[in-house]
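Proteins get letters first, then strands, A, B, ... in listed order; numbering begins at 1 in each.
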Amino acid sequence: MISIVFFGSHQFSTPIFQKIIDSGLFDIKLVVTQPDRPVGRKQEIQMTGVKMLALKYNIPVEQPATLKNYVLPVTADVNIVCKYGLIIPESILNSAKFGSINTHASLLPKYRGASPIQSVLINGEKETGSTIMLMDKEMDHGPILSQETLAIDPNENCFELSERLAPLEAELLIKTVPDFVAGKISPQEQNHVAATFCKELTRDDGKIDWTKTAIGIYNLYRGLTPWPGIWTTWQEKRLKLLKIGLSESSVPEGKLTAVDGRLFMGCGENTAIEIFELQLEGKNAIDARGFINGFKNLL
RNA sequence: CGCGGGGUAGAGCAACCAGGCAGCUCGCAGGGCCCAUAACCCUGAGGUUCUCGGUUCAAAUCCGAGCCCCGCAA
């Protein structure tokens with residue numbers, strides 16, 4: 001059995017970790033995940049999903065705050081890293097017998113970085129995929145072991161795409177690792193000149209630029225749903241647009257407009273979106289109809 | 001004690017600051033108009049104004065305490 005140390009912190013890592021456990025192919029010696037952190041308005045301390053799983057299966061957990069000078073208490077055949085969230089020093093990467101393997105939710109060398117799933121949607125890509133690769137000291141830079149492509153539905157959002165990508169990635173991973181350890185795969189160097197990058201997203205990335213076209217804004221919406229979501233300002237307040245769609249209507253750019261009980265916003269180049277569900281700062285989320293009824297005199 | 005908005009009819013809002021019959025847009029029920037309608041006209045039902053206490057002749061409104069929802073922030 002192949003012994004592994006699993007590194008993961010993000011929500012996306014949880015189903016993949018589950019799959020690794022369920023496969024029964026691996027001897028999981030240790031889980032490394034980020035420290036429990038305060039979350040939400042009440043700042044309640046919460047552990048990562050990966051840690052919850054580890055506890056459930058009685059797997060030892062380490063949560064170093066930093067990996068500087070950190071030494072793994074065990075060594076394994078392979079380190080598997082899946083959205084751990086911190087840069088892992090070379091000394092740790094090289095501590096495993098066969099090295100460290102990373103999963104990345106894009107068709108590398110495209111979309112290296114922290115937000116591949118969001119970014120492909122924002123850019124309106126038609127396809128994406130999963131890549132399993134060896135890690136080196138640069139981010140998402142190592143030789144590729146395997147890759148699989150997935151077509152993107154023009155209307156799916158980040159959550160839905162993640163839900164489809166995660167099992168694909170998990171399958172590919174548990175197939176690739178044993179083959180690699182058995183020497184059946186020769187790693188392929190990435191075509192570094194073709195590399196593109198995506199940064200970590202913040203709430204500010206969800207602020208809508210109404211001079212962009214409707215399709216651009218719709219893609220932003222898809223990429224940032226459910227987090228951090230897209231928003232604009234209205235009556236000096238933050239207005240989140242929770243559910244929108246493309247529209248053929250012709251309405252003024254950047255102006256919230258009600259027509260026949262439906263809500264529209266004009267975008268660049270005479271395009272428009274329709275808003276179905278929205279939320280004003282300090283208020284609950286409501287549908288377009290309720291919004292129009294309440295703010296009729298302001299629309 | 002991180003900052004801020006809010007709780008009023010089934011939904012969304014107004015009235016609160018300067019206390020005096022609780023209102024608007026929808027929805028719902030009934031009726032009318034129409035070839036017909038989610039359109040239009042008329043009528044109606046539906047409220048412990050989050051809870052508890054205080055001030056007052058009088059509290060949705062002012063004061064105090066509590067519960068709940070939400071936007072930031074992390």
Contact between A:Leu53 and A:Gln18 at the side-chain level, heavy atoms closer than 4.5 Å - yes or no? yes
Expressed in whole Å, how much space separates the C1' atoms belonging to B:A59 and B:C50? 16 Å
Taking the same atom, C1', in B:U61 and in B:U55, what whole-Å distance lies between them? 13 Å
Could you identify the nucleotide paired to B:U51, looking across every strand shown and requiring Watson-Crick or G-U wobble geometry with both distances under 3.5 Å? B:A65
Tell me whether the OP1 or OP2 atom of B:A74 has a side-chain N or O from A:Arg37 closer than 4.0 Å. no
Should the ring pair A:Tyr84 and A:Phe7 be called parallel, tilted or perpendicular, given that the plane angle runs from 0 to 90° and is split at 30 and 60? perpendicular
What integer number of Å spans the P atoms of B:G44 and B:G5? 40 Å
In whole angstroms, the gap separating P of B:A14 from CG of A:Asn293 amounts to 13 Å
What is the pairing partner of B:C72, taking Watson-Crick or G-U wobble pairs with both distances under 3.5 Å in any strand? B:G2
On RNA chain B, check which nucleotide each of A:Phe291 and A:Leu280 is closest to and give me the residue with the more 5' one. A:Phe291
Using heavy-atom distances to pick each residue's nearest nucleotide on RNA chain B, tell me which of A:Asp204 and A:Ile286 is more 5'. A:Ile286
Just how far is it from atom CD of A:Gln147 to atom CG of A:Leu145, taken to the nearest 0.5 Å? 11.0 Å
B:U48 and B:A65: how far apart are their P atoms, nearest whole angstrom? 27 Å
Check the distance between B:C13's P and A:Arg289's CZ and give it to me in whole angstrom. 15 Å
Would one find a side-chain N or O of A:Gln279 under 4.0 angstrom from OP1 or OP2 of B:G71? yes
Integer-rounded Å distance: B:G12 P and A:Leu298 CG: 17 Å
A:Asn284 atom CG is separated from B:C68 atom P, nearest whole Å, by 15 Å
A quick test of your reading: do over 12 heavy atoms of other residues, nucleotides or ligands sit less than 6.0 Å from CZ of A:Arg164? yes
With both distances under 3.5 Å as the test, what is the Watson-Crick or G-U wobble partner of B:C57? B:G20
Where the side chain of A:Glu281 is defined as all heavy atoms beyond and including C-beta, which of B:C26, B:G71, B:C70 is the nearest nucleotide? B:G71
What integer distance in Å separates A:Leu241:CG from B:G71:P? 14 Å
From CG of A:Leu239 across to C1' of B:G71 the rounded distance in Å is 11 Å
Pairwise C1' distance, B:G46 and B:C28 [rounded to whole Å]: 9 Å
Can you check the distance between B:C17 and B:A74, where both ends of the measurement are the C1' atom (answer in whole Å)? 34 Å
Should A:Lys296 be listed as having a side-chain N or O under 4.0 Å from OP1 or OP2 of B:C26? yes
Is it true that A:Asp36 and A:Lys51 have a side-chain N and a carboxylate O under 4.0 angstrom from each other? yes
For A:Lys237 and B:G5, what is the distance between atoms NZ and P respectively, to the nearest whole Å? 9 Å
Within the structure, does a side-chain N or O atom of A:Lys240 lie under 4.0 Å from either OP1 or OP2 of B:G71? yes
Should A:Phe264 and A:Arg262 count as side-chain neighbours, where that means a heavy-atom distance under 4.5 Å? yes
Whole-Å P distance, B:A38 and B:G27: 10 Å
May I ask you to say what A:Gly282 touches in the nucleic acid, namely base, sugar-phosphate or nothing, with a heavy-atom cut-off under 4.0 Å? base
Write down the distance between CZ (A:Arg238) and C1' (B:C72), rounded to a whole number of angstrom. 7 Å
Would you call the rings of A:Phe180 and A:Phe98 parallel, tilted or perpendicular, taking 30° and 60° as the class edges? perpendicular
It should be established whether A:Arg203 places a side-chain nitrogen or oxygen under 4.0 Å from OP1 or OP2 of nucleotide B:A73. yes
For B:G6 and B:A15, measure between their C1' atoms and round to the nearest Å. 16 Å
